[in-house]
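Below is one structure, written out as structure tokens; the observations come after it.
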2 protein chains.
Amino acid sequence: MTKSKTSCLAFSHHDHKRCQNKLLSAARDLCESRNLRLTERRKQVLQILLQSHQPIGAYDILAQLNQGQARIAPPIVYRALEFLLEEGLAHRIECKNAFIGCVHPGHQGATQFLICKDCDKVAELENPVSALQEDARNVGFVIDHSVVELTGTCADCQQNVG
Amino acid sequence: MTKSKTSCLAFSHHDHKRCQNKLLSAARDLCESRNLRLTERRKQVLQILLQSHQPIGAYDILAQLNQGQARIAPPIVYRALEFLLEEGLAHRIECKNAFIGCVHPGHQGATQFLICKDCDKVAELENPVSALQEDARNVGFVIDHSVVELTGTCADCQQNVG
DNA sequence: AAAAGTTACGTTATAATATAACACTATGAC
DNA sequence: GTCATAGTGTTATATTATAACGTAACTTTT
């Protein structure tokens, strides 16, 4: 039984530098094992996504890449994102048109996002769909891809407001 | 216990003209009871949304409104949509940046969408969140708004492909 | 290692979606 | 009728995303 609590990384206080490094090296491993190239660009974009547990828009990623003298255009970012999404190294948060690094790359299966509207952090819970799938099956519907995004207030932010 | 099957209107063969009329008059009643104005514009947009059980983009709505001699601009559509969304007369399908008429206006509570990628129809199931809510509660998260969009193939389209 | 094939990157232009800001009009309250 | 408010209309622009085409870098074959 996958226990949710252990997966709820974003809302847990943790050594984030270490978290980033772990996820980056997991991405490297995953690409190597699949014979895919984690190119410099892709790595750059992934690193930007992994800077925090808050989702970031494609144009904000672009702005970060262009902080130096570089003048890079949107398609480059979208293509790197496409790769990362396909390989399950990043997720798209539909209700924000934004992107976030995956915190358990390699685990297949559907993901449920908890989006705090106060701190903007997004937690990723695995395998939520069972009940939903059942409802769908009842009407003969076969699920291909699921978007589950729950917006609200995380435990920390509830305390901070009172 | 709300039974899903009865709510799964979009994938059921039905007299759609009657369906439209029923939903439009339900909207009228709801607005009257809440002391809100279902103005001509709002009604026009709602009628366009109710033409089918397929989601439609804001600019497609705009195009329909502009089919005659009218030259109307985006904000008009977005404002009507804002009203309809707020009152629960329409829903936004996040993964498509599109909108759909609500098939059970007045029922509060979260909604789960089944989106057929073949026929593009969207069915609306009520009250799906219980299991998800539990996972969220386990980590102290309080849900405010939920987006549950399951993309796949409806029963009809499975048959039609083989 | 040159040729050929493929994958990734770069650039320009533009499409598609959404909103800010401000003016005008209709409606309801008094 | 005047006033306040809610709704509509218009212009301009912001934000998000992709099409199309060319170049560079890796890989495979020879």
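Here is how names work: the chains are called A, B, and so on, in the same order as the sequence lines, proteins then strands, and each is numbered from 1.
Summarising the geometry, the separation between CZ on A:Phe83 and P on C:dA8 is reported as 7 Å, rounded to the nearest angstrom. Rounded to an integer number of Å, the gap from CD1 of A:Ile56 to P of D:dT15 is 15 Å. For the pair B:Glu87 CD and D:dA6 C1', the computed distance is 14 Å after rounding to whole Å. Rounding to whole angstrom units, CG of residue A:Leu81 and P of C:dA8 are separated by 15 Å. Following rounding to the nearest Å, A:Leu85 (CG) and D:dT18 (P) show an atom-to-atom distance of 11 Å. When rounded to the nearest whole Å, the span between CZ of A:Arg42 and P of C:dG10 equals 11 Å. We find that CG of B:Asn66 is positioned 12 Å from C1' of D:dG9, with the value rounded to whole Å. The separation between A:Ile93 atom CD1 and D:dT16 atom C1' is 16 Å, rounded to whole Å.
With distances taken from any side-chain atom of B:Ala73 to the nucleotides D:dT10, C:dC9, D:dT16, the minimum falls on D:dT10. The side chain of B:Ile76 lies closest to D:dT10 when the candidates are D:dT10, C:dA18, D:dT18. Nearest to the side chain of B:Arg41, among C:dA8, D:dT8, C:dT12, sits D:dT8. Closest contact between the side chain of A:Pro74 and the listed nucleotides D:dT16, C:dA18, D:dT18 involves D:dT18. Looking at the side chain of B:Phe99, the nearest of the listed nucleotides C:dA18, C:dG10, D:dA17 is C:dA18.
Under the stacking definition used here (centres under 5.5 Å, planes under 30°), the residue A:Tyr59 fails to qualify as stacked on the base of D:dT15.
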(message) Set out, in order, the CA-CA distance, both residues' side-chain angles and the distance that settles side chain to side chain contact (heavy atoms under 4.5 Å, CB included) for B:Leu114 and B:Gln112, then state yes or no.
(response) CA-CA 7 Å; B:Leu114 302 182; B:Gln112 165 184 359; 4.1 Å; yes
(message) Does A:Gln64 form a side chain to side chain contact (heavy atoms under 4.5 Å, CB included) with A:Ile56? I'd like the steps, not just the answer.
(response) CA-CA 11 Å; A:Gln64 285 201 39; A:Ile56 178 171; 3.7 Å; yes
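Taking CZ of B:Arg42 as the reference point, atom CZ of B:Arg37 lies at 7.0 Å (rounded to 0.5 Å).
A residue-by-residue look at B:Arg71 and B:Leu36 shows that B:Leu36 has its nearest nucleotide of DNA chain D further toward the 5' end. Positionally, the nearest nucleotide of DNA chain C for B:Lys96 lies more toward the 5' end than for the other of B:Arg37 and B:Lys96.
Between A:Glu94 and A:Arg92, at least one side-chain N (NZ, or NE/NH1/NH2) sits under 4.0 Å from a carboxylate O, which counts as a salt bridge. Salt-bridge annotation for A:Asp120 and A:Lys96: present, with a side-chain N of the basic residue lying under 4.0 Å from a carboxylate O of the acidic one.
At a cut-off of 3.5 angstrom, the base of C:dA20 holds no donor-acceptor pair with the side chain of B:Tyr78.
In this structure, B:Arg92 reaches the C:dA18 phosphate: one of its side-chain N or O atoms is under 4.0 Å from OP1 or OP2. When the side-chain nitrogen and oxygen atoms of B:Thr39 are compared with OP1 and OP2 of D:dA6, none of them lie within a distance under 4.0 Å.
Heavy atoms of B:Arg79 sit under 4.0 angstrom from at least one base atom.
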